Number of protein chains: 2
Amino acid sequence: MLNDRKKKILQLIIEDYISTAEPVGSRTIARKYDLGISPATIRNEMSDLELLGYLEQPHTSAGRIPSAQAYRFYVDSLIEPGSLTDHDMALINSWYTERRRSIDDIFQSTAKILSRMTQNVSMVLANKDAAAVFRYIKFLPLDSNHAILCIVTDDGNVDNCVVEIPLGMRPEEMDYLAGRISRELEGKELSEISDDLLSALHMDVAEDKVLFTSFLQAIKRMSRKQNEQRVFLGGTKQLLNQPEFRDVERVKSLLGILEEEKVVRDLLVAGEDSGLKITIGTENKFTGIQDCSMVQATYRLNGKIVGTMAVLGPTRMEYGKVITVMDYLHKYLKTMFEQDQDKE
Amino acid sequence: MLNDRKKKILQLIIEDYISTAEPVGSRTIARKYDLGISPATIRNEMSDLELLGYLEQPHTSAGRIPSAQAYRFYVDSLIEPGSLTDHDMALINSWYTERRRSIDDIFQSTAKILSRMTQNVSMVLANKDAAAVFRYIKFLPLDSNHAILCIVTDDGNVDNCVVEIPLGMRPEEMDYLAGRISRELEGKELSEISDDLLSALHMDVAEDKVLFTSFLQAIKRMSRKQNEQRVFLGGTKQLLNQPEFRDVERVKSLLGILEEEKVVRDLLVAGEDSGLKITIGTENKFTGIQDCSMVQATYRLNGKIVGTMAVLGPTRMEYGKVITVMDYLHKYLKTMFEQDQDKE
DNA sequence: GTTAGCACTCTATTTATTGGAGTGCTAACA
DNA sequence: TGTTAGCACTCCAATAAATAGAGTGCTAAC
């Protein structure tokens, strides 16, 4: 086990390296932080820490940089929970209120805030609620041969599309048709409304083929929309601010990975189970980001996973800040979603 | 005026430079393209072209690169209209069909296609139709004290939101209320539905304050949505593929500009009047992109501007390809929008 | 156990050297 | 008069050599 002084020195080295991105030398530590010991002593300690696997030397005459093991130790044992400044909180609040029209906007804002606050790439995965229950459909007349088909689910979501109706069809007839279809499907989860079910319905209900086809399409689209997990990325530009990515090639390769929505989704889903997950360097099994670290937080509502957010950046990452920000966002989102739920 | 040989040489230099990004020397031209004249002759011609302002030398012993004036001449007089390969067209079609749920998806796809095909940043500005006319509102019951408020406009757009209703309010009462509000507002353009008008309405119609407030919010939100011009960016990542942007600082500064939605919007609006507009280097008055060129196409439907798309890149840009792609997209969009219009 | 001192190492930066691509000029040629 | 070969000249880019500096590791003294 490391003694207190070693821990302290290790912590200082890690934090100095995190903020400067330069290998840290014994003199730097002695000068910047008053430990009451000389560079030579620090040197001895550093030498020990290197043997123990916590530090690495890029070359003999450079300072030392933390190893993956050091970061692991740091996030597990050294880091102390911080709190956001009032200024940061105000900033976050203003960003959230800036644009909030739909659920999607909230996720998008989260990604944006996360990346701005941490200067790293952020990813947000929104799990859609596949359990929404079909309520009823309704036709809103538009003109002589068009109407709007509205599909209402019990969570208050409405999807609509314009459908062509037979010329001269009367509102009462449409209402009757809507009523019949509604009765057939009411109470079913959108996800269980399968093609089979719809075809069976077809036999049974549909007086009018054109109308029915439009209806089919709309409901399929809606259940697909509901089942979809969507990914929101933020701050891919921030990459350029990190010295690790001063090389354009590295930026390109990482952006190439992030561009593949499927990959990002898999990446996020993989770490979804635990509340807060930090993977450092090669701890992450996805190729291409093994020289990066990732901090991921998953949030739930009534035990169900609502979404997950993550920050991806160089292993030299401000873990403390990232965690603090995520924690705050987590609470913020919780409040928002619970409000939303109460409302419906 | 330039004689044919000078024109030919200038064209070859421009096209060679566009594809290689390297200064072009007399020998290169002589070797690559069989003009039947020696490098020395080409050298003389190049010397003339430099005096005339068409070519520049980065330094004495480098080849020459085209000046802004040369590009201008190139796009005005030298460029010959090309056509897309079948492969490209198939690619475009597949990208468009890949994801097409809403109007926004079409614009987003356009931006994506434009950037992929041209390897440059693309911008698409979607003008919203502020002239949508209010048709009616309708309440769809949800549960004992919530309903969905639907606002229908005559272009077939529906906006909806969940509103709280007084406990025990009966559907007939709600229908009555909806009917009265609808009659008041019917036929008005969304943009002319001002706060004043709504307040006046308030006095007159509203029996129920809570309900009415929700309704107000929804309609305001909808007219705002309709009035909004939205910007879609594509291929900011492609920047990194251009040798001009091998320097991270340059990338950052350009991305910084593109990040400001307002700036991009102004930029696009400024060039909206003409059908096809090409600005080369400093011809563009917006600071920060004066070392770039921009090709912009504005498309209209029934004389009204529907949107505008642009490609932004280094002055060394494949103008021919860009124009060809835009032309194709233009036609493609036209067909799509006209279909859409017919439908409604 | 701590520390000053010093030799040693290795890199990053600066400076010198060289090779090559390209021009411009001149003189000869058709 | 236009074209071209030849050659000196220029300037950059790439390579090589020299230098400065930061940092370590070791030793011996405290």
Side-chain angles (χ1 to χ4, degrees), chain A residues 1-10 12-17 19-67 70 243-244 246-247, chain B residues 1-10 12-17 19-67 70 243-244 246-247:
Chain A
M1 221 22 242
L2 299 182
N3 63 31
D4 280 356
R5 196 169 71 182
K6 280 202 173 56
K7 277 189 198 167
K8 187 68 190 167
I9 290 175
L10 181 55
L12 290 176
I13 292 175
I14 294 176
E15 285 170 359
D16 196 84
Y17 184 68
S19 65
T20 65
E22 294 292 333
V24 188
S26 55
R27 295 198 52 191
T28 315
I29 295 293
R31 221 172 334 165
K32 271 199 194 170
Y33 314 95
D34 189 21
L35 293 178
I37 47 177
S38 76
T41 312
I42 296 175
R43 220 148 43 229
N44 290 335
E45 296 288 43
M46 282 168 90
S47 184
D48 291 350
L49 284 168
E50 183 170 359
L51 274 175
L52 292 167
Y54 290 101
L55 294 179
E56 291 166 358
Q57 265 185 307
H59 55 263
T60 25
S61 78
R64 288 179 167 90
I65 61 173
S67 66
E244 275 83 352
R246 217 167 318 162
D247 175 27
Chain B
M1 220 22 242
L2 300 181
N3 63 31
D4 281 356
R5 196 170 72 183
K6 280 203 174 53
K7 276 190 198 167
K8 186 67 191 168
I9 289 174
L10 181 56
L12 290 176
I13 292 174
I14 293 176
E15 286 171 358
D16 195 86
Y17 183 68
S19 65
T20 65
E22 294 292 332
V24 188
S26 55
R27 295 198 53 190
T28 315
I29 295 292
R31 222 174 332 165
K32 270 199 193 170
Y33 314 95
D34 189 21
L35 293 178
I37 49 177
S38 76
T41 312
I42 296 175
R43 221 151 40 230
N44 290 333
E45 296 287 43
M46 282 167 89
S47 183
D48 291 351
L49 284 168
E50 182 170 359
L51 273 174
L52 291 166
Y54 291 100
L55 295 179
E56 290 167 357
Q57 267 185 307
H59 54 263
T60 26
S61 78
R64 287 178 167 93
I65 61 174
S67 67
E244 276 83 352
R246 218 166 317 161
D247 175 27

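Owing to the predicted nature of the structure, the values given are computational and were not obtained by experimental measurement. A, B, ... follow the sequence lines: proteins, then strands. Residue 1 opens every chain.
Under the 3.5 Å distance criterion, the side-chain polar atoms of A/Thr20 are matched with a main-chain donor or acceptor of A/Asp16. In this structure a side-chain-to-backbone donor-acceptor pair under 3.5 Å is present from B/Ser67 to B/Tyr54.
You'll find the side chain of A/Lys7 stays beyond 4.5 Å of the side chain of A/Asn3, heavy atoms only. Two residues are said to be in side-chain contact when any heavy atoms from C-beta on lie closer than 4.5 Å; A/Ile14 and A/Val24 fail this criterion. Taking the side chain as every heavy atom from C-beta outward, A/Ile9 and A/Asp4 never approach each other to under 4.5 Å. Annotation: side chain of A/Leu2 is not in contact with side chain of A/Asp48 (no heavy-atom distance under 4.5 Å).
In DNA chain D, stems built from 3 or more consecutive Watson-Crick or G-U wobble pairs, each with both distances under 3.5 Å, span C:1-30 with D:1-30.
At a threshold of 4.0 Å, the pair A/Arg5-A/Glu45 counts as salt-bridged, since one of the basic side-chain nitrogens sits closer than that to a carboxylate oxygen.
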Protein-nucleic acid N or O pairs under 3.5 Å, nucleotides 27-30 of chain D:
none

Pull out every protein N or O sitting under 3.5 Å from an N or O of nucleotides 13-18 of chain D, one pair per line with the distance.
none

What pairs of nitrogen or oxygen atoms, one from the protein and one from nucleotides 13-16 of chain C, lie under 3.5 Å apart?
none

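Not a single side-chain hydrogen bond (donor to acceptor under 3.5 Å, both in side chains) links B/Thr28 to another residue, sequence neighbours left out.
In this structure, the CZ atom of B/Arg5 is 12 Å from the C1' atom of D/dT4, given to the nearest Å. One can place CG of B/Asn44 at 9 Å from C1' of D/dT4, the figure rounded to the nearest angstrom. Regarding A/Leu35, its CG atom lies at a distance of 11 Å from the P atom of C/dT3, rounded to whole Å. Regarding A/Leu55, its CG atom lies at a distance of 14 Å from the C1' atom of D/dG23, rounded to whole Å. Distance, B/Ile42 CD1 to D/dT3 P: 11 Å, rounded to whole Å. When rounded to the nearest whole Å, the span between CD1 of A/Ile9 and C1' of C/dT2 equals 12 Å. Whole-Å rounding puts the A/Ile37 CD1 to C/dT3 P distance at 7 Å. For the pair B/Lys6 NZ and D/dT3 P, the computed distance is 9 Å after rounding to whole Å.
Checking B/Thr41 against B/Pro58, the closest nucleotide of DNA chain D that is more toward the 5' end is the one next to B/Thr41.
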Once base and sugar-phosphate atoms are separated, protein heavy atoms under 4.0 Å mark nucleotides 17-24 of chain C, 5' to 3', with B, S and - as ----BSBB
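OP1 or OP2 of C/dT3 has at least one side-chain nitrogen or oxygen of A/Ser38 nearer than 4.0 Å.
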Apply salt bridge (charged side-chain N to carboxylate O under 4.0 Å, His left out) to the pair B/Glu56 and B/Arg64, showing each step before the final yes or no. CA-CA 5 Å; B/Glu56 290 167 357; B/Arg64 287 178 167 93; over 6 Å; no
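In terms of heavy atoms, A/Ala62 sits closest to A/Gln57 at O-NE2, 3.5 Å.
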